[in-house]
Amino acid sequence: MFDLEAIDRAAEKLTTSEGGFRAQEQQPPGLTSAMDPVPDHGEEHWVGRDRLSGLRALITGGDSGIGRAVAIAFAREGCDVALSYLPEEQADAEDTASWVERAGRRCVLLPGDLTEESTARQVVDDAAAKLGGLDIMVNNAGFQWARRESGLADLTSQELDQVFTTNLYALFWMTQQALPHLSSGSSIINVSSIQAYDPSTALIDYAATKAAINNFTVNLASELGPKGIRVNAVAPGPIWTPLQPATKPGESMPSFGSDTPLGRAGQPSELAGAFVFLASPLEASYVSGTVIGVTGGKPVF
Ligand code: NAD
Ligand code: MG
């Protein structure tokens, strides 16, 4: 069951990686297969230990990047999953589903644009109906745009709408819709960012949504605590996912992540541990209203 050699190989590859991706660009939302190199989602090395046995999770943006790593780890921990994603990401979603199914768990695919309120709400209801209930809600879908000439002056209302609707409105709608399905022992995990603490001028709108997600997380933890529902967030640093080449200038990829204390970008698989921990009703039973940074050493307090 434990492929120790695969785990050793993965650990060696991650800790000795120096980043330095080649310049590359994609159109949003970006696809995994077009990335060079293809990110590591834990396919070869995540070892499940039944920490989420019998649970059911909805992961937004679960087709690729961090969401895919979370889906694979959750499945190997014994959890059935539903993935929400944009229709043009079907190929990525099917790849993720194949890993979930190989782990012996169910995978429900729910394409749809979450910037439409009715779609966002329907995705939650469909996930709960098809999984037979819902225990874990992972609000991971997100969007940014960092190909502007200057900062605030170039920000259009259309861009502002897309970033705020994807990152905040959809998160509010979907969490609201999930509430009737959740019960004591359930948990909500939101995806924040290092941008909430150390904002880049090129991401002024995105960074503001991530700061708001932190605030939402602690406030909702307070509301739902009496019901035994925990609410937390994970704040990633620079992680090698389709979002990066799809939303930033291609020539910024070679130095992506090099400004962290660990000197490199992270891989999606390096986030999975934080999500599994927060989702585990046993291991994180007293953890609520907090944000775990997985940032390569950049401070989140
Ligand atoms: P990713 O591109 O793999 O995932 C983002 C996903 O969001 C997409 O796969 C897509 O399915 C979903 N999405 C975007 N707009 C949508 C819409 N309108 N409707 C439905 N789905 C939509 O990239 P990722 O980096 O894994 O992103 C996951 C989360 O991590 C995001 O919230 C992002 O802000 C956050 N994050 C990423 C980094 C990083 O460096 N990659 C750093 C900090 C935070
Ligand atoms: Mg994707």
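Count residues from 1 along the sequence. Computed from a prediction, not measured in an experiment: that's the story for all the values here.
Checked by atom type, the side-chain pair Q162/Q158 shows no donor-acceptor distance below 3.5 Å. Between the side chains of D113 and T119, no donor-acceptor pair of N or O atoms lies under 3.5 Å.
The minimum heavy-atom distance between G65 and P268, with the atom names listed, is O-CB, 3.4 Å. Of all the heavy atoms in A57 and L131, the pair that sits closest is O-CD1, 3.7 Å. Residues L114 and A141 share a closest heavy-atom pair of CD1-CB, 4.0 Å. Taking each heavy atom of A97 and L109 in turn, the nearest pair found is CB-CD2, 4.0 Å. For the residue pair A235 and T295, the shortest heavy atom distance occurs at O-CG2, 3.5 Å. The minimum heavy-atom distance linking T166 with T115 is given by the pair OG1-CG2, 3.3 Å.
Each of V234 and V291 belongs to its own hydrophobic cluster when Ile, Leu, Val, Met, Phe, Trp and Tyr are linked at side-chain heavy-atom distances under 4.5 angstrom. Cluster annotation: V287 is not connected to V300 through the hydrophobic network of ILVMFWY side chains, with a link wherever side-chain heavy atoms come within less than 4.5 Å. V123 and V191 end up in different hydrophobic clusters when Ile, Leu, Val, Met, Phe, Trp and Tyr side chains are linked at under 4.5 Å. Hydrophobic clustering, with ILVMFWY side chains joined whenever heavy atoms are under 4.5 angstrom apart, keeps V218 apart from I213. Hydrophobic clustering places I239 together with F277 (ILVMFWY residues linked when any side-chain heavy atoms are closer than 4.5 Å, directly or through intermediates).
Two residues are said to be in side-chain contact when any heavy atoms from C-beta on lie closer than 4.5 Å; L58 and M174 meet this criterion. The shortest distance between side-chain heavy atoms of M35 and P242 falls below 4.5 Å. A 4.5 Å side-chain heavy-atom check between R105 and V81 finds every atom pair outside the cut-off. A 4.5 Å side-chain heavy-atom check between T60 and M137 finds at least one atom pair inside the cut-off. Side-chain contact between K248 and Q144 is present, with heavy atoms from C-beta onward closer than 4.5 Å. When side chains are defined from C-beta on, S187 does not count as touching N232, because their heavy atoms never get closer than 4.5 Å. At a threshold of 4.5 Å between non-hydrogen side-chain atoms, the residues V70 and L271 do not count as touching. With a 4.5 Å cut-off on side-chain heavy atoms, R230 and Y286 do not count as touching.
A distance of 8.5 Å separates CZ of R102 from CZ of R76, quoted to the nearest 0.5 Å. Put simply, CG on D135 and CG on L182 are 8.0 Å apart, with the number rounded to the nearest 0.5 Å. Between atom CG of residue L179 and atom CG of residue L134 there is a gap of 10.5 Å, rounded to the nearest 0.5 Å. Within the model, atoms CD1 of I188 and CG of L278 stand 12.5 Å from one another, a figure rounded to the nearest 0.5 Å. Atom CG of N140 and atom CD1 of I59 lie 8.0 Å apart (nearest 0.5 Å). Between the CZ atom of R49 and the CD atom of E77 there is a distance of 7.0 Å, given to the nearest 0.5 Å.
A donor-acceptor pair is defined here as one N or O able to donate and one able to accept, closer than 3.5 Å; such a pair exists between the side chain of D154 and the backbone of E149. Counting only distance, with no hydrogens or angles, the side chain of R68 and the backbone of D95 share no donor-acceptor pair below 3.5 Å. Of the possible donor and acceptor atoms, one in the side chain of T156 sits under 3.5 Å from a partner among the backbone N and O of E159. Although no hydrogens or angles enter the test, the distance criterion places no donor-acceptor pair under 3.5 Å between the side chain of D92 and the main chain of D63. A side-chain donor-acceptor contact under 3.5 Å links S288 to the backbone of V231. Although no hydrogens or angles enter the test, the distance criterion places a donor-acceptor pair under 3.5 Å between the side chain of Q24 and the main chain of D36.
Taking the six-membered ring where the residue is Trp, F143 and W145 present parallel rings, their angle staying beneath 30° rather than reaching 60°. The aromatic rings of F256 and W240 are tilted relative to each other, their planes meeting at an angle between 30° and 60°.
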Verify side-chain contact (heavy atoms from CB on, under 4.5 Å) between T96 and H41, making sure each step is shown before the conclusion. CA-CA 10 Å; T96 307; H41 310 91; over 6 Å; no
Assess the residue pair L83 and C107 against the criterion (side-chain contact (heavy atoms from CB on, under 4.5 Å)); give the C-alpha distance rounded to whole Å, side-chain angles, the decisive distance to 0.1 Å, and a yes or no. CA-CA 7 Å; L83 310 178; C107 191; 3.7 Å; yes
Evaluate the criterion side-chain hydrogen bond (donor to acceptor under 3.5 Å, both in side chains) for residue pair N139 and T175; output intermediate values, then yes/no. CA-CA 8 Å; N139 287 310; T175 307; 3.0 Å; yes
side-chain contact (heavy atoms from CB on, under 4.5 Å) for I66 and F275? Distances and angles first, verdict last. CA-CA 10 Å; I66 295 166; F275 286 82; 3.9 Å; yes
Q122 and Q177: CA distance, side-chain angles, deciding distance, side-chain contact (heavy atoms from CB on, under 4.5 Å) verdict: CA-CA 9 Å; Q122 192 63 49; Q177 201 71 14; over 6 Å; no
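Within the structure, side-chain hydrogen bond (donor to acceptor under 3.5 Å, both in side chains) contacts touching residues 206-222 (residues at least two apart or in different chains) are N167-T209, N190-T217, S192-N214, Y197-N214.
Applying the salt bridge (Lys or Arg N to Asp or Glu O under 4.0 Å) test to E283 and every residue at least two apart in sequence or in another chain returns R51.
Within 6.0 Å of atom CD in Q27, 12 or fewer heavy atoms from other residues, nucleotides or ligands are found, so the atom counts as exposed in its surroundings. The number of heavy-atom neighbours closer than 6.0 Å to OH of Y169, taken from other residues, nucleotides and ligands shown, is 12 or below.
Residues E270 and R264 are paired through a salt bridge, judged by an N-O separation under 4.0 Å between the basic side chain and the carboxylate.
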